[in-house]
Amino acid sequence: MSAIPHEILNRVRDCKIVPVITLSDVDHALPLADALMAGGVDFLEVTLRTSSALACIEKMASSGVDAMVGAGTITRPEDVTAAKNAGARFLVSPGATPALIPELQAFDGPVFPGVASVSEAMIMRDHGFTVQKFFPAEPAGGPGFLKSIAGPMPDIRFIPTGGISQANAPGYLELENVIAVGGSWIVPNALIAEKDWAGITKLCLDARQRLESVA
Ligand code: 3PG
């Protein structure tokens with residue numbers, strides 16, 4: 001899908017934070033989704049970085065939770081098929097390759113491919129992807145980079161991810177070409193391991209409260 005429907009873009013914009021989730025225990029999938037939803041975060045990226053990631057996506061997607069559940073860390077063409085079969089409704093990649101691009105284009109849902117340079121952003125725009133993940137955001141130039149390219153590329157929107165925290169998120173969200181930020185800071189592995197679901201909800205609520213006034 002090249003053009004992303006407005007209602008989905010608005011959902012990401014309203015959420016402001018896309019949690020980058022890494023799960024190694026399928027039993028954590030639903031309590032975590034509930035904790036994030038309770039914190040007002042309902043656009044959930046589950047990274048394909050563990051052997052149970054696909055099962056976690058499947059569990060969340062089939063549970064009937066009112067969250068948009070997608071797959072992140074899509075790096076190979078076969079990841080697209082696996083994510084789709086698990087029920088992922090959107091895809092995020094850290095970058096793109098000639099083999100991956102047609103698979104991403106064929107996916108029936110929003111796709112946010114990763115870019116880290118002006119040329120990559122232009123190439124992905126030419127392939128139809130106008131909302132892109134800027135990754136790794138902090139090492140690749142931070143808000144200053146995105147601000148600089150807003151003029152020459154006014155038709156591209158970004159979800160910066162990589163090194164984002166509650167402290168630096170406002171600097172991104174105030175930019176007109178940023179629709180949301182991504183990050184793992186609201187889903188820390190330590191809290192997941194401790195099953196501290198209330199702690200994760202609190203992190204989300206605190207972040208959303210702090211970011212509410214931005215943009
Ligand atoms: C990602 O995959 O998007 C990043 O690893 C998340 O980066 P962070 O852990 O710095 O938020």
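We count ligands from 1, going down the list as the structure has it; atoms in each ligand are counted the same way.
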Exercise for the section: Look at atom 6 (C) of ligand 1 and say which protein heavy atom is nearest, naming residue and atom and giving the distance to 0.1 Å. Expected result: Thr161 CG2, 3.8 Å
Problem - Atoms in ligand 1 with a heavy atom of Gly183 nearer than 4.0 Å - result: 11 (O)
Handout entry: Ring centres under 6.0 angstrom apart (Tyr172, Phe158)
Key = no
Practice task
Please report which non-hydrogen protein atom sits nearest to atom 4 (C) of ligand 1, along with the residue it belongs to and the distance in Å to one decimal place.
Solution key: Phe135 CE1, 3.6 Å
Problem - Nearest atoms (heavy-atom pairs only) where Leu91 meets Ala83 - result: CD2-CB, 3.7 Å
Handout entry: Whether over 12 other heavy atoms sit under 6.0 Å from Glu176 CD
Key = no
Handout entry: Identity and distance of the protein heavy atom lying nearest atom 9 (O) of ligand 1
Key = Ser184 OG, 2.6 Å
Practice task
Inspect the contact between Asp206 and Arg210 and indicate whether a charged nitrogen and a carboxylate oxygen are less than 4.0 angstrom apart.
Solution key: no
Exercise for the section: Look only at interatomic distance and state if Lys133 has a nitrogen or oxygen under 3.5 Å from any nitrogen or oxygen of ligand 1. Expected result: yes
Exercise for the section: Around atom 10 (O) of ligand 1, find the nearest protein heavy atom and jot down its residue, atom name and distance. Expected result: Gly163 N, 2.7 Å
Handout entry: atom 2 (O) of ligand 1: the protein heavy-atom neighbour that sits closest, reported with distance to 0.1 Å
Key = Arg49 NH2, 2.3 Å
Fill in the blank from the handout: So CZ of Phe145 and OG of Ser117: to nearest 0.5 Å the spacing works out to 6.5 Å
Problem - Glu45, any N or O under 3.5 Å of ligand 1 N or O - result: no
Practice task
State plainly whether one hydrophobic cluster holds both Leu173 and Ile156, where clusters connect Ile, Leu, Val, Met, Phe, Trp and Tyr through side-chain heavy atoms under 4.5 angstrom apart.
Solution key: yes
Exercise for the section: Could you tell me the residue and atom name of the protein heavy atom closest to atom 7 (O) of ligand 1, and the distance to it rounded to 0.1 Å? Expected result: Gly162 CA, 3.5 Å
Practice task
Mind checking the CG-CD1 spacing from Leu36 to Ile200? Nearest 0.5 Å is all I need.
Solution key: 6.5 Å
